[in-house]
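The structure appears right after this line, and notes come after that.
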Amino acid sequence: MLDIIVLAVAGLAAGLLNAVAGGGTFLSLPALIWVGVPPVSANATATLTALPGYLSSAWAFRDDMRAQGSVGLRGITLAGMAGSLIGALLLIVTPAEVFMGVVPWLLLAATVLFAGAPRILRAARVAGLGDAGPLATVTALVAVSIYGGYFNGGLGIMLLATFSLLGYADLHGMNGLKNLLSAVLSIVSVVTFITAGLIAWEQAAVMALASLVGGYVGARQSRKIVNTDLLRLFLTGVGAVMTLVFFIA
């Protein structure tokens, strides 16, 4: 019963956090390991359990969701699918320790880029540079999707930072796209992980249901935020905390 409570609470909180900022894996992954799931399997299972929350959050943001840059939703989705497949295959065939050593630095870079994106974009436009073109957009999305396919932790912050640097400005719309693309990445990764037999199904069932509820509630509440500067500050804070946790761990 204690295991079920831990998984349910972690899943609910992870769904809430993923809907607004990302980083729910930093709650779900330790919870899965705590109840006895091996680390690699826990990583794969955490990706599966995040999927219902991503889907419910994307649905809650459906009215805000639109492509804001040079690539449409279909192109964004295809880039995400390609990158996530590569990342999931990398998780299966390479030592996790190698990538985990890089994760804190990736999170630090994403947080700094997300926090500084408005100033960077203003400076670029003053210098006569516009939004990123299709090639740069697709390349950036594939790169961050490889990260998401391999390690789901911090994916939301990474995607928001990428969208910001690609010229996206509407944070609610960015959150919707973030959740939609996160769902696409997770579907591709989960299919790969299921094929490899990495999913802990009993623990996943409890956590996934809680994540579904948390994702929808979190998305609905975050859409009510009018001052997006405060939302950006909150998201930056989440990224900073996640980065610190991984440097300490």
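Values in this document were obtained by computation on a predicted structure and should not be read as measured data.
Residues L85 and V184 share a single hydrophobic cluster, defined by chaining ILVMFWY side chains whose heavy atoms lie under 4.5 Å apart. L48 and V37 are not part of a single hydrophobic cluster, where members link through side-chain heavy atoms under 4.5 Å apart. Cluster annotation: L90 is connected to V40 through the hydrophobic network of ILVMFWY side chains, with a link wherever side-chain heavy atoms come within less than 4.5 Å. Hydrophobic clustering of Ile, Leu, Val, Met, Phe, Trp and Tyr side chains at less than 4.5 Å, counting indirect connections, keeps L209 apart from L32.
Between A8 and A210, the shortest heavy-atom distance links the atoms O-CB, 3.2 Å. Nearest heavy atoms, G215 versus S57: O-OG, 2.8 Å. Across every non-hydrogen atom of M158 and Y147, the tightest pair is CG-CE2, 3.6 Å. Closest approach of A240 to T111, counting heavy atoms only: N-CG2, 3.7 Å. Between L27 and A13 the shortest heavy-atom distance is CD1-CB, 3.7 Å. Residue S28 comes nearest to A46 through the heavy atom pair OG-CB, 3.7 Å, listed as atom of the first residue, atom of the second, then distance.
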Can you give each donor-acceptor pair under 3.5 Å made by side-chain atoms of residues 188-202, sequence neighbours left out, with the distance rounded to 0.1 Å?
residue : atom : partner : partner atom : Å
S189    : OG   : L185    : O            : 3.0
T192    : OG1  : V188    : O            : 3.0
T195    : OG1  : V191    : O            : 2.9

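Here the CD1-OG distance, from I187 to S84, works out to 9.5 Å after rounding to the nearest 0.5 Å. Here L91 contributes atom CG and I86 contributes atom CD1; the two are 14.0 Å apart, rounded to the nearest 0.5 Å. Interatomic distance, CG of L212 versus CE of M207, reported as 14.0 Å (0.5 Å rounding). To the nearest 0.5 Å, atom CG of residue L16 and atom OG of residue S211 are 9.0 Å apart. From L12, atom CG reaches atom CG of L7 across 12.5 Å, with rounding to the nearest 0.5 Å. Within the model, atoms CD1 of I4 and CD of Q203 stand 10.0 Å from one another, a figure rounded to the nearest 0.5 Å.
With sequence neighbours excluded, the residues forming a side-chain contact (heavy atoms from CB on, under 4.5 Å) with T162 are A140, L141, V144, L166, listed by chain and number. Take L55 and apply the side-chain contact (heavy atoms from CB on, under 4.5 Å) test, not counting sequence neighbours, and it matches L51, A183. Partners of W105 according to the ring-ring contact (aromatic ring centres under 6.0 Å, His included) rule, which considers only residues two or more places apart in sequence or in another chain, are F247. Listed by chain and number, the residues in a side-chain contact (heavy atoms from CB on, under 4.5 Å) with L2 are V6, W34 (sequence neighbours excluded).
For residues 37-55, the side chain to side chain donor-acceptor pair (under 3.5 Å) pairs, not counting sequence neighbours, are Y54-N152.
Test V142, T137, L135 against T139 for side chain to side chain contact (heavy atoms under 4.5 Å, CB included) and you get one pass: L135.
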